Trainee: 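Before anything else, here's the structure in question.
Convention: sequence-line order gives letters A, B, ...; per-chain numbering from 1. Basis for what follows: all heavy atoms, side chains included, without hydrogens, waters or symmetry-related copies. All values reported here derive from a predicted model rather than from experimental measurement.
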Amino acid sequence: MGLVESGKTPKSLQTLLNMSRKYSLWVYQWGLACCALEMGAAFASPRYDVMRLGVIPLPASPRQADMVVVSGTVTDKMAPAIRRLYEQMPDPKYVISMGSCANCGGPYWDSYSVTKGVDQIIPVDVYVPGCPPRPEALLEGIVMLQERIQNEDMQERWVGEPIVVGS
Amino acid sequence: MSDFLRSYLVVAIFGGVGVALVGAFLGIASLLRPSKPSEQKLMTYESGVNPTGDMWAQANIRYYVFALLFVLFDVEAIFIFPWASRLEALGVFGLVEMAIFVFILLLGLVYAWRKGMLKWV
Amino acid sequence: MTTQIPDLSEQEQLRYISQQAADARVNVEIETEGMTLNLGPQHPATHGTLRIIAKLDGEQVVAAEPVMGYMHRGYEKLAEVRTYPQVTTLVNRIDWVGSFANETPFILAAEKLMEVEAPPRAQYIRTILHEMSRIANVILGIGDMGVQVGAVTPIFFAFRDREYVLNQIEAVTGGRFHPNFDRIGGLKDDLPAGWIQNTKNAMEKVRDFCDQIEELMYGNEIFQARTRGIGIIPKDVGLAYGLSGVNIRGSGVDWDVRRDNMSPGLVYDQVDWKVWTHPDGDSYSRMWVRLQEVREGTKIVDQLLDQIPSGPIMAKVPRIIKVPAGEAYVETENPLGVMGYYVVSKGDLNPYRVKIRSASFNNVSITPWLLKGVYVPDIITILGSLYFILGDIDR
Amino acid sequence: MSDETAVDTVDEADVVAETDEVREATLASLTDEVGDGIVESHIRPNDDIWVRVSRDAWVDTGMALKSMGFGYFSFLSAIDWMPSPFGRDMDSQVDLTLNPPEDEDDDVVMETGVAGGDTRFQVFARVNDIVNNRAITLKADLPDDDLSIATWIPVYSGANWHEREAAEMFGIDFVGHPNLRNLYLPGAFEGNPMRKDFALLSRRIKPWPGIVDVEPMPGEDEEGEDA
Amino acid sequence: MISILSVEIPYWGQTTFRVLGGLAAVLLPAGALVYIYLFKLMSFVQSRLGPMEAGPAGSLQLLAEVGKAFQKEDIFPRKADKLVFAAAPFVVLMSTFLLILVVPFGPDAWFVNLDTGIFFALAVSSVSVIGILMAGWASASKYSLLGGLRAAGQLIAYELPLVLAVMGVVIQAGTLNMQEIVYAQAEGEIFGISGIGNPFIITQFIGFAIFLIAMQAELTQPPFDMPVAESELVSGYMTEYSGIRFLLFFIGEFATAGVFSMIASVLFLGGWWVPGLDPDSNLFNILGPAVLFGKVMLVTFLIFWFRFTYPRFREDQLQKLAWKVLIPLSLVNIVATGILKVVF
Amino acid sequence: MGLVPGMIKGLGVTAKSAIETIFPDGPLKPPSPSKGAVTIQYPHEKEAPAPRARGVIALQEDNCTACMLCARECPDWCIYIEGHKEKAPPRRAGGKPRQKNKLDRFDIDFALCMYCGICVEVCPFDALFWSPEYEFSEPRIADLLHDKSRLAEWMETVPDFESYESGSEAKVRKVPR
């Protein structure tokens, strides 16, 4: 049914489509913990202004989002919700794990209620280190993600889960 | 076909254009987009938790009084249109007539207001 | 002020509710089955991951219950297995918007147990940073309130001018958010050259922001219509729920730990400032007091910057910190309200038990009471005006 | 009424006497109200006051305090005085490998803090009088076999969530609490994390990186560093 | 008046021409609004830059948006009423296309010259609310449902002021035909002073203000964006829509903003005509659309200016505003206009 | 309703802000928003973080004696050190050969690190330094574990210590190069 899954998309069209995905990453207004504020600074602070890169923080609902920044501590109570919200985003979707807590538990690595890393629940495309990463570090992560999108094979992405956890 | 009908044919055509545009968009998209439905993806969104209760719960529509008022007033307003476009011809007589009509309308509004209908119950 | 707090009967509560929902009354004639609406854990209005389960009748809330724990990280337990310096850096992350203020009461409690006192220069710098973190925090709260009532621009202004404050905090502590700068007996480092002047400039920017936001938001009649008379917290109810900070001062209670119960180690008594209160107790008055508090904060910082004494920044403290056995409770007036640490020590490297009395936990505990009978949009403004940080609730 | 049972030896400043009076007076009037309910008390001059009441007098003391002007509810929580069976968790690797605990019995010697009793769990709460700027920390011991205490909600409505938190973290039952469900943790969570015998698994599983020491070269004995 | 289009080109040709023109008239302003105002001007207000990377100064951002939307998965929630869910975007966009019909772009450049033009426009404009209601109800999401209900509640508040505000113009022009309203403004005079004609904004400023407010509400722009109130209802009636269907709503929102501003500029600002030029000159067939576009940008600037500045009303406050202020005011305006019309 | 003043003022605030952004040089000069806005356009230009900023930890390998102090004090247990002892050439000619701890492995897991700076503070030998660099995102989490050569590379980005504000009694330290 889909033109892309069959692998019949011409190369030039694919480049074009990759480019449009690259420059239109609607990101979900959803913060978890401290990093949410630095994410907020990247999104809403005029100094960083993530909209420049085509990352548009308008949607509040996962249905319209292309990307989610997991910004902060993932607790065991929150984990099912994160999984569900990730599932509810339409494909193709991208995940940036921001900060030590989301990467692997961070300061709460020994806590009884914290999930040690969001990549146990959902696949992650880019890990941004920091506690919290400064907004420009998140921007670096976004630029890195955009490069990946530019070079990615749509067919592969469409058909399977393209990013193997921890690969 | 008369000019009158023709002009309404254009209306129909434009309605069709709107539909066709949406159809074309959806058609192109269906060629390009992936489709990977899953149980949770098709679940209704409710802030990340499992939706509780029935989605089509009975809702108490608090503005039904407004709705009634609105219907009344809207019908009255339609009567003003022919008068408005012919005021020049009708002159002072039409003006007085309509002033009375509008006054009655206002009276109705004031009545509703005094009765407390314009409160969001 | 009444010191006697009456038990609120159902009747009295209903009276308050009817006051709150200005001309709203739960309609008894047309009974419909209620709808249960979840706001959160992912919802743009809940500052993160609070979840509010609201039983609705149309758009009116019949009952609302907050569900927390989506950000519970087990601070009190983790503090038991960490040494004092490690706890200091951990507690930064409780109220992540005004981090330095989280360190202060803990350090002061530990200092109280160890019976050391920081040198005057350290006390001044501490107070300055405490106040700057208040400014950074409250500015954001004001901008966020703009988002909650649907105005897009205030939050951008808030983030813009907050950056100037954060820059100064970063210049001295090395962290935009989590300074980890307070030490038992003093501070980690001294001020870098030129910092005082830059901070004064930043305070100027903050004052400009206050004027700007006052015209843009507070003066706006729609904003007033949305917040005036909404979410009224009567004085006595607020006290019984343990509300603190701006939320209680917005109800006309003239109580500020900075002035009334000042703990040694902070030098608020050296400067000339005023505690603002507002008698109404509604959402608007809380936000109004917040704005005044930012202005007052810039004044405090300016005055303190002029008075910083010279001298060392660290008292004589052993390199490996073992706090003598004992119990101490220290509370300070933090951006979100009164924050206190009840530290129990047994003479070890790590505290035996740390009870964190965080402001937002108490502040939010009033919501089931407060959200009865209001409209869905009012949930948002009330939560916005209570201004909590999830980390401060869940810890 | 044993006060000044100096747990810590505070050398008192000269100004103490005056403010001490305030706290002494507070204690005295509380004693008038509650009477036998007060088990023990401690005043740290110029600073704070601790009062331990019997479990049965918990609510009455609250009422009395409230009528005395302590209308502001600060917090309520609990302490587990039993030392952790795992040693200091942070250095557990050191404890277990290098310095194995010599005697099992040594570990369970329980010391309680200020105005403490001799049972394992203690509920404590703090209320303020914001007019006169007084505050008081109230404590009550729970018998080991019956972890329950009456709820404070009728006295201070704000106690609701604090009691839920304490119930969840320590497994204490607050009799009369309308809604003693989990506040923080997911429903399936087992255990009471704030009890000292609740192990933090990550800490026990992960090897402590500080334990790995520099290996000496073969055939050499320890010698000082002269860098 | 005979359209030059109808004389020289056969009917199907004209129709194609009109369809293309209609597409351009709907989509171009929509794109311009989103890029210039929503992305760029809003950013400048907040002292930032807005999209910069996609194309020079971010000018290709919109293409990227559309290209991306094509590739997004299309989700039908399981519990949704699939037919209605799918039909809602059609209804919304169709109403926009019906609305553009009556707008004249020049003395001979129009799609259809209905005698009841403004009446038709007012009637059709409320169709989009039906689309919104459909979307809200069919999504089977509580936020959507509340959003849809709010949209319906909003309709009953602003529709009447909208209709009554237009009435003053109709009285002054003495016609319902949009083209003739333009001519009435071009050839009119204000209290005997002729020369610059009579853009009705001068005599009908109350009507214009009420029309603007009601239009803001019709377009669900802040301060009247309760149906999509982001901080309360996530995305309101659009909550469950993803990918291309969401894009269609998005286009619909801004296209309607453009078309409504066209109607406002025809009614109050003189449409395609500029003072000082002869309205019958053929020049206007070329210049007209540009002039109209300029006026549209002016009106939409106001819309977006309010959008950046104001917080959101509460639903009951809108009702109060509409019923206690706008409706009495507009009724008074009608009577006053009538009196002045008869006297002068 | 008294709606006019406050709402008009608000419009003024937004308009003023927009004009200041678009026309930073005054209204008659050509518009140049990128000058008027406070935005720093990240991939093209970068802001300079404060010299004290805690971005990433750099290791001066020569100074490290593998004393394990940092690894022990780390709240996150994210520093992994291995070492062995070896003979170093004597400092003075003819002296006794010194014994020295040689570092085999010094890894910091930046995915786990909480950037508190305790390790830098407790290091008695000036081997660890903060660098304000922040650009080290990775698509693979394993790459966030920086080994000692990677940590040593950060050393180049470590800024000199700033001088102190007047009235300070602290001494300015030096970064070993």
Side-chain angles (χ1 to χ4, degrees), chain C residues 78 81-83 85-90 92-93 119 121 125 151 153 156-157 160-161 163 167-176 178-181 183 188-197 211-225 308-314 319, chain F residues 1-18 20-21 37-40 47-55 69 72-77 113-122 124 129-132 134 159 161-173:
Chain C
L78 295 187
V81 294
R82 277 162 166 70
T83 60
Q86 291 178 347
V87 176
T88 314
T89 176
L90 191 69
N92 276 167
R93 290 155 175 81
R121 186 177 172 86
I125 298 173
T153 306
F156 288 90
F157 285 171
R160 180 190 66 198
D161 292 324
E163 288 292 331
N167 274 359
Q168 290 315 106
I169 293 179
E170 184 181 27
V172 62
T173 67
R176 281 164 55 89
H178 301 320
N180 187 22
F181 195 63
R183 295 288 179 271
K188 177 182 161 192
D189 208 345
D190 212 320
L191 303 176
W195 191 80
I196 291 180
Q197 192 48 48
D211 297 342
Q212 206 175 19
I213 208 79
E214 194 163 37
E215 279 193 2
L216 178 64
M217 207 166 96
Y218 286 75
N220 190 303
E221 280 80 1
I222 302 175
F223 179 77
Q224 295 188 1
I308 296 183
S310 51
I313 47 156
M314 198 70 188
R319 193 178 170 87
Chain F
M1 264 178 105
L3 276 178
V4 184
M7 294 176 71
I8 300 285
K9 266 191 203 164
L11 288 177
V13 171
T14 43
K16 191 162 160 253
S17 168
E20 277 170 4
T21 310
V38 295
T39 311
I40 295 166
E47 73 169 338
R52 285 186 188 180
R54 299 202 296 264
L69 215 53
R72 279 175 203 197
E73 289 297 320
C74 177
D76 281 0
W77 297 4
C113 175
M114 68 189 278
Y115 301 82
C116 59
I118 288 180
C119 50
V120 178
E121 224 175 314
V122 297
F129 292 92
W130 277 113
S131 156
Y134 49 83
F161 283 100
E162 296 163 289
S163 54
Y164 287 110
E165 188 70 87
S166 59
S168 162
E169 292 180 358
K171 266 192 236 122
V172 180
R173 290 192 300 145

Trainee: Less than 4.5 Å apart, side chain to side chain, heavy atoms only: is that true for F:Glu121 and C:Arg183?
Mentor: yes
Trainee: Looking at F:Lys16, F:Glu73, F:Met114, which makes the most heavy-atom pairs under 4.5 Å with chain C?
Mentor: F:Met114
Trainee: For the atom pair OG1 (F:Thr14) and CD (C:Glu215), what is the distance rounded to the nearest 0.5 Å?
Mentor: 10.5 Å
Trainee: Looking at C:Asp190 and F:Arg52, what are the two nearest heavy atoms and their distance?
Mentor: O-NH2, 2.6 Å
Trainee: Among C:Asn167, C:Leu90, C:Val172, which has the most heavy-atom pairs under 4.5 Å with chain F?
Mentor: C:Val172
Trainee: Go through C:Lys188, C:Arg160, C:His178 and name the one with the most non-hydrogen pairs under 4.5 angstrom from chain F.
Mentor: C:Lys188
Trainee: When rounded to the nearest 0.5 angstrom, what is the spacing between OG1 in C:Thr89 and CG in F:Asp76?
Mentor: 8.5 Å
Trainee: Counting distance only, does the side-chain N/O of F:Arg54 pair as donor-acceptor with the main-chain N or O of C:Pro179 below 3.5 Å?
Mentor: yes
Trainee: Minimum heavy-atom separation for F:Tyr164 and C:Leu191, please, with both atom names.
Mentor: CD2-O, 3.2 Å
Trainee: Is a donor from one side chain sitting under 3.5 angstrom from an acceptor on the other, for F:Tyr115 and C:Asn180?
Mentor: no
Trainee: Relative to chain C, which of F:Ala53, F:Ser17, F:Pro49, F:Gly10 shows the most heavy atom pairs under 4.5 Å?
Mentor: F:Ala53
Trainee: Would you mind telling me which of C:Gly174, C:Pro85, C:Ser310, C:Ala151 has the largest number of heavy-atom pairs within less than 4.5 Å of chain F?
Mentor: C:Gly174
Trainee: Under a 4.5 Å heavy-atom cut-off, does chain F meet the side chain of C:Phe157, its backbone, both or neither?
Mentor: side chain
Trainee: Do you know which of C:Gly311, C:Gly175, C:Pro309 has the most heavy-atom pairs under 4.5 Å to chain F?
Mentor: C:Gly311
Trainee: Between F:Ala50 and C:Ala171, what is the shortest heavy-atom contact and its length?
Mentor: CB-CA, 3.7 Å
